[in-house]
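Since the structure comes first, as structure tokens, the remarks are kept for the end.
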There are 2 protein chains.
Amino acid sequence: MMAQWRYAVTDRTTRERILDAALDLFGVRGVVAVSLDEIARHVGVRKQTVLYWFDSKEALVDGVLDKVAAELVIVIDAAVRAAPDDPLDRIDAVVRAVFRPAVRRPGLLGLVREVSRLSQGQADRLAERIAPLIDRAVAYLGDEMAAGRLRAGDPRLIAALGYATITGIATEPEVLRAVGWTADAAGLRSLRDELRAFLRAALQA
Amino acid sequence: MMAQWRYAVTDRTTRERILDAALDLFGVRGVVAVSLDEIARHVGVRKQTVLYWFDSKEALVDGVLDKVAAELVIVIDAAVRAAPDDPLDRIDAVVRAVFRPAVRRPGLLGLVREVSRLSQGQADRLAERIAPLIDRAVAYLGDEMAAGRLRAGDPRLIAALGYATITGIATEPEVLRAVGWTADAAGLRSLRDELRAFLRAALQA
DNA sequence: ATCTCTCTCTACCAATTGGTAGACGATTCG
DNA sequence: CGAATCGTCTACCAATTGGTAGAGAGAGAT
């Protein structure tokens, strides 16, 4: 709390680097599996320096969750703004926008996935930040359905299904690889294309 | 190894109870977050008894993975056998069959989801057991497509998409709840129905 | 009755965990 | 220049982790 204020005024790199390392490590291997010491080692600093910037491990997790949510909001906002007007194209653009950083930084959605394993307070806080994103999707789908540009249905369920599918794909590469799928950019693109075809077939007015 | 043999001959309850408790705890909270001591406490036994039946924590995880894979195979086999001949109905029956135990025992798919966090050897071993299930789905989809009873497409991608979606739904209830979805039987049923409608729209010949 | 084997227990252990206390240089500010 | 503050460090700590050694209760077999 005090530390956060200090950071904003004076330093910038150490705290940011801790957050970056923690996001990657937490997201890929899980929060409980990664020790403060390992994060510190990745940053090139001592564990106590991490505890200087974040009062506790839980505070660090909170900081990382903030970062994840903020990054997702930025990515999605940009995609929506740049997307064409056609609803199917627009949905596709958002899916594509979420996928791209998910490949570059596996921890991004990996951490979202771990929400159910965090403490209740942390899970609630993350849900609070993800929910508006899904709510926006629900509102958008509802509008387009009302306008007759998408096939009628329950927008809430469709948004939930899409969310579950995206996080499922982004965080389950090992098993998918076992059936001959590759986690590289091409493999992800083909899966995304398949998802788009599904959405088109199911949502086309 | 020796212990497994002993169990088969003489005892049955303690080892089974350890596996049951470990499946639930590992699946819900994660393997690294659950200590042998906690599992032992749930079973009503000392930690060293757990280490008597399983040489190490890793061996216990292996045992649980075996159990998960075996249960999934049984459930899916039964569903396939009892399902009607129509491919869409049959797909629906399998989805339904996987969902049912996933609600009753959240740990079942929760542990599958954690495959990426396990050691390489364990991840490979689990993938080996899940892959045949997906392979069967791929073969089935391919056959029905060739027979013209399902819309043509890449069965491998469709199976991967379905797998990712199911595990995503079954293991992400917290965030979904934040958008007004309930994780009870009714909520899950509605989501499953939506998934079925999607599959029908996308796969209908 | 004793011997053997199965199973669970008590008693430890080294390593690692998140976290505290406080010393030490470097900067900034009066 | 002196003082305060900031950022990182060394030095600890209690608790918990997975794991080992071995005692001892109970049942069956000889």
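The sequence lines fix the lettering, A, B, ..., with proteins before strands; numbering per chain opens at 1.
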Hey, which sits more toward the 5' end of DNA chain C by its nearest nucleotide, B:V45 or A:Q48? B:V45
Under 4.0 angstrom between B:T14 side-chain N/O and C:dT8 OP1 or OP2: yes
Nearest-angstrom distance from the residue atom CG of A:L51 to P of D:dA11: 18 Å
Before accepting this row, confirm whether a basic side-chain N of the pair A:R136/A:D77 lies closer than 4.0 Å to the acidic partner's carboxylate O. yes
Please confirm whether any donor atom in the side chain of B:K47 sits under 3.5 Å from an acceptor in the base of D:dG19, or the reverse. yes
How long is the line joining CG of B:D37 and P of C:dT10, in whole Å? 12 Å
A:R46 CZ - D:dA11 C1' separation (whole Å): 13 Å
Which part of the nucleic acid, if any, lies within contact of B:L36, taking any heavy atom under 4.0 Å across all strands shown: a base, the sugar-phosphate backbone alone, or nothing? sugar-phosphate
Distance check: side-chain N/O of A:S35 vs OP1/OP2 of C:dT17, anything under 4.0 Å? yes
Which part of the nucleic acid, if any, lies within reach of B:V34 when heavy atoms closer than 4.0 Å are counted: base, sugar-phosphate only, or nothing? sugar-phosphate
Distance-only polar pair, side chains of A:E144 and A:Y140, donor-acceptor under 3.5 Å: yes
Checking B:V50, B:T13, B:L23 against B:I18 for side chain to side chain contact (heavy atoms under 4.5 Å, CB included), the one that qualifies is B:V50
Take atom CD1 of B:I18 and atom P of C:dC7, then tell me their distance rounded to the nearest Å. 11 Å
Between A:Y52 and D:dG7, is there a contact of a side-chain N or O with OP1 or OP2 at under 4.0 Å? yes
What is the distance from CG of A:D55 to P of C:dG19, rounded to the nearest Å? 10 Å
Rounded to whole angstrom units, what separation is found between the CZ atom of B:F54 and the P atom of C:dT8? 12 Å
Pair B:L72-B:I130, side-chain contact (heavy atoms from CB on, under 4.5 Å): steps then yes or no: CA-CA 9 Å; B:L72 281 178; B:I130 300 292; 4.1 Å; yes
